[in-house]
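Reminder, nothing fancy here: chain letters follow the sequence lines and each chain counts from 1. Everything quoted here is computed from the prediction, not taken from an experiment.
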Number of protein chains: 2
Amino acid sequence: MSEKTILLVEDEPAIREMVGFALSRAGFRMVEAGDANEAHTRLAERLPDLVVVDWMLPGTSGIDLARRLKREEYTAELPIIMLTARGEEDDKVGALEAGVDDYITKPFSPRELVARIKAVLRRSIPEEQSRPITVDGLTLDPSSHRVTVGGEALEMGPTEFRLLHFFMTHPERVYSRSQLLDRVWGRNTYVEERTVDVHILRLRKVLAPSGCDRFVQTVRGAGYRFSQQT
Amino acid sequence: MSEKTILLVEDEPAIREMVGFALSRAGFRMVEAGDANEAHTRLAERLPDLVVVDWMLPGTSGIDLARRLKREEYTAELPIIMLTARGEEDDKVGALEAGVDDYITKPFSPRELVARIKAVLRRSIPEEQSRPITVDGLTLDPSSHRVTVGGEALEMGPTEFRLLHFFMTHPERVYSRSQLLDRVWGRNTYVEERTVDVHILRLRKVLAPSGCDRFVQTVRGAGYRFSQQT
DNA sequence: GAATTTATGACATGATGGTGACATTGCAAT
DNA sequence: ATTGCAATGTCACCATCATGTCATAAATTC
């Protein structure tokens, strides 16, 4: 089994260190973020297998972060474990509403956290998100965050990766620029529609040498489409 | 794209003016209401594309208004953006519970409001109902925005596509040029009736190689018809 | 054959998408 | 701090495409 990646969103360095130690000893790779903003940056770069979020965070609270993650298509399936303060019943209710998979009450032992992580990972179907997708030689593997064509790896930016990922999981269908912004960039981002063009261009440039750019098709007046047919 | 109408429910004239200016500059039409009652009157007259409601209103509060709108079938699908006071966490929770689509914390910049409005409008575009339609080998698939005959893709302009789409969903019936203009071009477009002829011609040219142009029939003195029969 | 209606080719104009360049930002290495 | 770098969003410019209109040819009706 490949090494699982855990994203820890926690502002206290002491807890970060403790959890980090426990996770690495348990064979997990850990990515850290000090607040919700940083968490989004990390998520855009590479999707972890699970997120551990502290309830109390500077700026956007952990619960808001969790809600946002569940709302975005790209991160909706991501399991979340929340760290809550002792005995805050309200927290639990809120957390469950936000679609959190499990929560741990502070103070907790590293051992318990690891156990819960394993339990959540076990029950969440890893296939759904991380199975590689192949279209006519072009393979995208979400778990290793890699795109290959004929064994050759392709280099691209995070946004292009997410764009291609979305396309390959939703082929043979036109998406307007607006829809792509919603579903690839996220609902709370406000960027120009034409920005989509530029990223389509960048994606095509990467795919061009292998000829796979033929899958990324312009539908004039409607948007873009990922299709195997000409 | 047609001009979108925004209903602003806000009691403070200063904010009304500011928002009004920002909206008109962004190409929106704005309708104003000072309280919940007035809002209902405006809604009865004409349904806007989106409602912006202040949390604090004289009489019925904004949150109650939002709840009411979501409860009524006529307005249930209407996107709502709520203006909340600074940092009132309770507001956010209540707003989300009431089915509000987004909320902005005062003070806000007009620019941000416009951005949010656009984002909400973007996401609330209903998924176009889209089952592929086939008539004797000729298939039109709205979701992939593609026309094929015997697996072979046909290329055509957006207007021809819409025209064919309309025809295939309304077969065996004659439509006059003005009816076609209304239903394919839109109610408030002003083009020559003869223009229809030209697009019929263009559509036929695309369909001709496969012989499918036989479906597009001229009914002299009446208009055009899409029919499987000769 | 004259009148009416439709088909068709050509064309100006506007809309749309592709593309290179650039400013900005955040991060990593120095 | 400073520098370098990669990613990203925005813009301006250009090529191409789509559209509406017209003039004229062809077809149909009387």
Side-chain angles (χ1 to χ4, degrees), chain A residues 31-46 59 74 145 147 154-164 174-178 180-182 184-186 188-208 213-214 216-225, chain B residues 1-2 27 111 115 118-119 145 147 154-165 174-178 180-182 184-186 188-208 213-214 216-225:
Chain A
V31 177
E32 298 178 46
D35 56 36
N37 263 335
E38 214 182 323
H40 277 112
T41 310
R42 298 285 158 272
L43 288 168
E45 288 165 356
R46 191 177 189 295
Y74 183 59
H145 206 265
V147 181
L154 297 182
E155 294 296 328
M156 65 182 75
T159 307
E160 284 72 41
F161 183 85
R162 268 178 292 140
L163 186 57
L164 182 60
V174 187
Y175 291 93
S176 69
R177 291 166 225 279
S178 303
L180 288 174
L181 284 178
D182 264 8
V184 178
W185 272 254
N188 293 40
T189 53
Y190 309 102
V191 293
E192 290 292 317
E193 290 204 346
R194 294 295 256 101
T195 298
V196 175
D197 296 33
V198 179
H199 285 277
I200 289 281
L201 172 72
R202 288 167 182 162
L203 177 57
R204 278 177 173 156
K205 274 184 179 167
V206 175
L207 298 178
D213 58 330
R214 70 179 185 278
V216 181
Q217 302 167 356
T218 303
V219 182
R220 217 156 215 282
Y224 296 95
R225 172 180 57 199
Chain B
M1 180 160 71
S2 64
R111 183 181 158 73
K118 283 184 179 169
H145 206 273
V147 181
L154 298 182
E155 296 294 330
M156 65 183 74
T159 308
E160 282 73 56
F161 184 87
R162 269 179 288 136
L163 185 57
L164 181 60
H165 189 191
V174 188
Y175 291 93
S176 71
R177 291 178 176 72
S178 52
L180 288 173
L181 284 177
D182 265 6
V184 178
W185 273 255
N188 33 16
T189 51
Y190 305 101
V191 292
E192 290 291 319
E193 289 205 345
R194 287 273 141 226
T195 299
V196 176
D197 297 32
V198 180
H199 284 278
I200 290 282
L201 171 72
R202 287 168 182 161
L203 178 56
R204 280 176 172 156
K205 273 185 179 166
V206 174
L207 298 178
D213 58 330
R214 69 179 185 277
V216 181
Q217 302 165 357
T218 304
V219 181
R220 201 180 168 78
Y224 297 95
R225 173 181 57 199

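- Residues B:Tyr224 and B:Thr218 form a side-chain contact, since some pair of their non-hydrogen atoms from C-beta on lies under 4.5 Å apart.
- Evaluation of atom-type donor-acceptor distances gives a pair under 3.5 Å for the side chain of A:Arg220 against the base of C:dT16.
- Listed nucleotides: D:dT8, D:dT10, C:dC27. Nearest to the side chain of A:Pro158: D:dT8.
- Nearer to the 5' terminus of DNA chain C, by closest-nucleotide assignment, is the contact made by B:Gly221 (compared with the other of A:Thr41 and B:Gly221).
- Between B:Trp185 and the phosphate of D:dT19, there is no side-chain N or O to OP1/OP2 separation shorter than 4.0 Å.
- Atom CD in A:Glu38 sits about 9 Å away from atom P in C:dA28, given to the nearest Å.
- The aromatic rings of B:His145 and B:Phe161 lie parallel to each other, their planes meeting at an angle below 30°, with 60° marking the opposite boundary.
- Separating the CD atom of A:Glu45 from the C1' atom of C:dC27 is a distance of 9 Å, rounded to the nearest angstrom.
- Rounded to the nearest 0.5 angstrom, B:His199 NE2 and B:Trp185 CH2 are separated by 5.0 Å.
- For B:Arg194 and D:dG20, a side-chain-to-base donor-acceptor distance below 3.5 Å is absent, hydrogens and geometry of angles not being considered.
- Checking the phosphate oxygens (OP1, OP2) of C:dT5, no side-chain nitrogen or oxygen of B:Thr218 falls inside 4.0 Å.
- The distance from atom CG of B:Leu201 to atom C1' of D:dT19 is 13 Å, rounded to the nearest whole Å.
- Looking at heavy-atom distances under 4.0 Å, A:Tyr224 makes contact with sugar-phosphate atoms alone, never a base.
- Remark: P of C:dC27 and CG of A:Asp35 are 10 Å apart, rounded to the nearest angstrom.
- Computed from coordinates, the B:Asp213 CG to C:dT8 C1' distance equals 15 Å when rounded to whole Å.
- Put simply, A:Lys205 has no side-chain N or O that comes within less than 4.0 Å of OP1 or OP2 on C:dT19.
- Put simply, CD on B:Glu160 is 11 Å from C1' on D:dC17, counting in whole angstrom units.
- Heavy-atom minimum distance, B:Val174 versus B:Ala222: CG1-CB, 3.9 Å.
- Among the nucleotides D:dC22, C:dT6, D:dT10, the one closest to the side chain of A:Glu192 is D:dT10.
- Look at A:Thr159 and you won't find any side-chain N or O under 4.0 angstrom from OP1 or OP2 of D:dA7.
- Rounded to an integer number of Å, the gap from B:His145 NE2 to D:dA18 C1' is 13 Å.
- Taking 4.0 angstrom as the limit, B:Tyr190 places none of its side-chain polar atoms (N or O) nearer than this to OP1 or OP2 of D:dT19.
- The minimum heavy-atom distance linking A:Arg220 with B:Pro158 is given by the pair O-CG, 3.7 Å.
- Counting atom types as modelled, B:Arg202 pairs no side-chain N or O with a base atom of C:dG9 as donor and acceptor under 3.5 Å.
- In this structure, NE2 of A:His199 is placed 15 Å from P of C:dG20, rounded to the nearest angstrom.
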